[in-house]
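Just so we're clear, the structure is a prediction, and the values are computed from it rather than from any experiment. All ligand and atom numbering here is 1-based and tracks the order in the structure.
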Amino acid sequence: MPVDAKRSDLVLAVIGTGAMGRGIAQIAALGGIKVLLHDAKQGAADEASAFVCRMVDRLVEKGKLDDSAAGQAKDRLQVVSGVADLAPADVVVEAIVERLDIKQELFRELESVVRPDAILATNTSSLSVTAIAAACEHPERVAGFHFFNPVPLMKLVEVATAVRTADWAAEALVALAKRMGHTPVLCIDSPGFIVNHAGRGFGTEALRILGEGICETIDMDRVMRETAGFRMGPFELLDLTALDVSHNVMESIYDQYYQEPRFRPSFITRQRLAAGLLGRKVGEGFYRYPEGKPEQPAETPAPTAGNRAIWISKADADSHKAVTDMLSAAGAELDQGSTPAAESVCLVTPLGLDATSTALEQGLDPQRTVALDTLFDLGRRRTLMTTPVTLPDVRDAAHAALAKDGVPVTVIRDSAGFIAQRIVATIVNIGCDIAQQRIATPEDIETGVKLGLGYPHGPLGFGDTLGPKRILQILETMQSYYGDPRYRPSPWLKRRAMLGVSLTTPES
Ligand SMILES: NC(=O)c1ccc[n+]([C@@H]2O[C@H](COP(=O)([O-])OP(=O)(O)OC[C@H]3O[C@@H](n4cnc5c(N)ncnc54)[C@H](O)[C@@H]3O)[C@@H](O)[C@H]2O)c1
């Protein structure tokens with residue numbers, strides 16, 4: 001009889017009661033499920049059970065739970081001393097050390113204890129669920145059940161189906177997740193599942209920009225927060241997750257996808273990891289954290305306006321209008337001629353291209369050319385880019401004009417795709433390829449990324465908001481500029497952009 005996750009007498013076993021196991025035990029007990037807790041380390045399961053009880057009491061203190069529900073939840077926790085005591089379990093969730101051989105050994109032992117149709121789920125982040133299941137006589141009842149830390153707050157769980165997982169096992173885990181108050185997303189067992197796969201673009205592209213000497217980390221963090229709407233910039237995030245985790249995840253996923261260029265890591269994080277600059281937890285990463293607070297450089301003040309008028313390229317009519325309206329409203333001096341006057345600043349608005357190529361393509365003087373990123377909202381921060389030969393007073397005149405209404409301006413060196421265009425296009429492209437590979441449905445990709453990574457949109461929704469055709473143009477332009485297959489557009493994106501349909505459109 002396949003497991004019915006809604007049964008009132010359902011029994012869940014949690015093995016490994018560390019950071020993840022105890023969180024899973026907590027949400028299960030609160031979901032009305034009896035929980036057996038086991039840990040190989042003496043006393044660890046008792047300590048975890050006491051921890052969960054304290055967390056449940058805290059919910060009562062905060063008025064989120066009444067006394068009787070709390071008492072019942074605590075009564076559902078039972079510590080057991082050995083794997084043999086887990087026989088009554090309908091579902092086992094394993095959250096032990098991240099080692100394939102140890103997990104396989106445990107699953108083999110579990111099979112000799114639990115009944116043949118009990119579900120065996122693993123919380124592994126980086127191992128192949130299929131390889132864990134391969135150790136079992138009944139691999140059809142093995143699946144990934146990947147939670148996020150801290151479990152009670154991160155309401156997402158990825159249900160990963162291994163090559164031989166039966167539908168009934170995945171369906172039962174989906175129902176179980178819902179019963180525990182979590183949102184399940186289904187995916188095929190593949191490196192990084194949905195969330196850690198979709199998250200490969202943000203940091204790796206930011207590291208490429210850093211590696212090209214285009215700007216400083218703080219510039220990227222500010223631009224990604226204030227123009228693209230991310231809660232944290234890429235380097236703030238790397239400092240939070242710490243390089244001993246994030247660099248290793250970058251390398252692991254890159255290798256598991258056989259050196260897929262879209263996921264290529266950077267030597268910068270490898271060196272910083274070797275130097276011990278792990279991030280916030282050691283007091284220093286890309287930023288220093290005296291007394292736990294990030295020490296970030298102050299905003300560079302805008303220069304005072306020079307005497308050059310601003311001529312705005314008409315190559316993109318929408319951008320021309322938006323920038324003209326913005327600068328006129330701010331009272332900047334504009335050159336409205338059909339071609340720029342001899343002393344005017346030439347302001348261009350490329351998509352995916354650098355300022356130098358844009359100036360040469362449009363027959364403009366590269367010494368007087370600067371580029372503005374108009375893909376994102378211009379109301380909170382603006383990104384201005386120079387060519388290698390832009391005159392300093394031209395750059396300053398453009399900076400002053402763009403900052404005249406009080407909006408801060410980030411000035412960067414030449415980059416095909418500025419900062420936000422190239423990072424967001426990379427994220428959209430990877431999301432599209434997850435859909436193309438049928439790792440998950442568009443809906444689950446969006447849900448997974450929003451809940452698991454906290455991005456302002458899922459990758460497909462991000463692409464739809466900015467326009468699939470424009471994302472495709474950025475990627476194709478970058479690919480031809482750099483000659484790097486990293487930027488090759490996913491067929492999923494290409495076809496939907498050509499058809500003019502949403503990136504969430506599934507195959508009919
Ligand atoms: N920490 C995270 O952010 C996170 C997120 C998602 C998934 N995971 C995965 O969850 C699993 C557990 O991670 P964690 O952070 O909770 O680790 P942890 O170190 O906090 O806890 C692991 C626990 O497992 C116990 N253990 C080790 N080997 C055991 C065995 N053979 N039998 C029984 N107990 C054993 C340890 O004593 C320890 O209490 C790993 O597979 C990890 O990849 C972790």
Which residue holds the protein heavy atom closest to atom 7 (C) of ligand 1, what is that atom called, and what is the gap in Å?
Ser125 OG, 2.9 Å

Just checking, any donor-acceptor pair under 3.5 angstrom between side chains of Thr122 and Glu94?
yes

I want to confirm something. Looking only at heavy atoms, which of Thr17, Asn123, Asp39 is nearest to atom 9 (C) of ligand 1?
Asn123

Is it true that the NZ or CZ of Arg495 lies under 6.0 Å from the centre of Trp492's six-membered ring and within 45 degrees of the ring axis?
no

Honestly, for Phe147 the part within reach of ligand 1 (heavy atoms, under 4.0 Å) is backbone

What protein heavy atom sits nearest atom 21 (O) of ligand 1, and how far off is it?
Gly18 CA, 3.3 Å

For atom 12 (C) of ligand 1, closest protein heavy-atom neighbour:
Ala95 O, 3.2 Å

Shortest non-hydrogen pair, Ile218 vs Pro297, comes out as CG2-CG, 3.8 Å

How close does the nearest protein non-hydrogen atom get to atom 20 (O) of ligand 1, and which residue and atom is it?
Ala19 N, 3.0 Å

Residue Lys103 vicinity, atoms of ligand 1 by number, heavy atom under 4.0 Å:
40 (C), 41 (O)

Asn196 side, atom CG; Phe148 side, atom CZ - distance, nearest 0.5 Å
6.0 Å

Working note: Arg141 + Glu111, criterion salt bridge (Lys or Arg N to Asp or Glu O under 4.0 Å); need CA distance, chi angles, decisive distance, verdict.
CA-CA 10 Å; Arg141 42 96 158 251; Glu111 276 208 312; 3.2 Å; yes

Could you identify the single nearest non-hydrogen protein atom to atom 33 (C) of ligand 1 and state the distance to 0.1 Å?
Ala40 N, 3.3 Å

For atom 31 (N) of ligand 1, decide whether some protein heavy-atom distance is shorter than 4.0 Å.
yes

Using a 4.0 Å heavy-atom cut-off, say whether Ile15 meets ligand 1 through its side chain, its backbone, both or neither.
side chain

Residue Ile102 vicinity, atoms of ligand 1 by number, heavy atom under 4.0 Å
31 (N)

Relative to the ring of Phe263, is the ring of His197 parallel (under 30°), tilted (30 to 60°) or perpendicular (over 60°)?
perpendicular

Given side chains that start at C-beta, do those of Val92 and Leu12 come closer than 4.5 Å, heavy atoms only?
no

How many angstroms lie between CZ in Arg288 and CG in Asp239, if you round to the nearest 0.5 Å?
12.0 Å

Name the closest protein heavy atom to atom 3 (O) of ligand 1, giving the residue it belongs to and the distance to 0.1 Å.
Asn149 CB, 3.3 Å

In ligand 1, which numbered atoms sit nearer than 4.0 Å to a non-hydrogen atom of Lys41?
37 (O)

Using distance alone, determine whether Thr124 and ligand 1 share an N or O pair under 3.5 Å.
no

Under-4.0 Å salt bridge between Glu299 and Arg381:
yes

Taking the side chain as C-beta and beyond, is there a heavy-atom pair between Glu98 and Ser126 under 4.5 Å?
yes

Which of the atoms of ligand 1 are close to Glu98, meaning less than 4.0 Å from one of its heavy atoms?
40 (C), 41 (O), 42 (C), 43 (O)

Distance from atom 26 (N) of ligand 1 to nearest protein heavy atom, with residue and atom:
Ile96 CB, 3.9 Å

Are any of the side-chain heavy atoms of Val157 and Thr183 separated by less than 4.5 Å?
no

Between Leu106 and ligand 1, is there a nitrogen or oxygen pair with a distance under 3.5 Å?
no

Per-atom contacts of ligand 1 with His146, taking only distances under 4.0 Å to non-hydrogen atoms:
6 (C), 7 (C)

Identity and separation of the nearest protein heavy atom to atom 14 (P) of ligand 1:
Met20 CG, 3.8 Å

Within 4.0 Å of atom 28 (N) of ligand 1 (strictly less), any protein heavy atom?
yes

Centre of Phe286's six-membered ring, under 6.0 Å away, within 45 degrees of the axis: is that where NZ or CZ of Arg272 sits?
yes

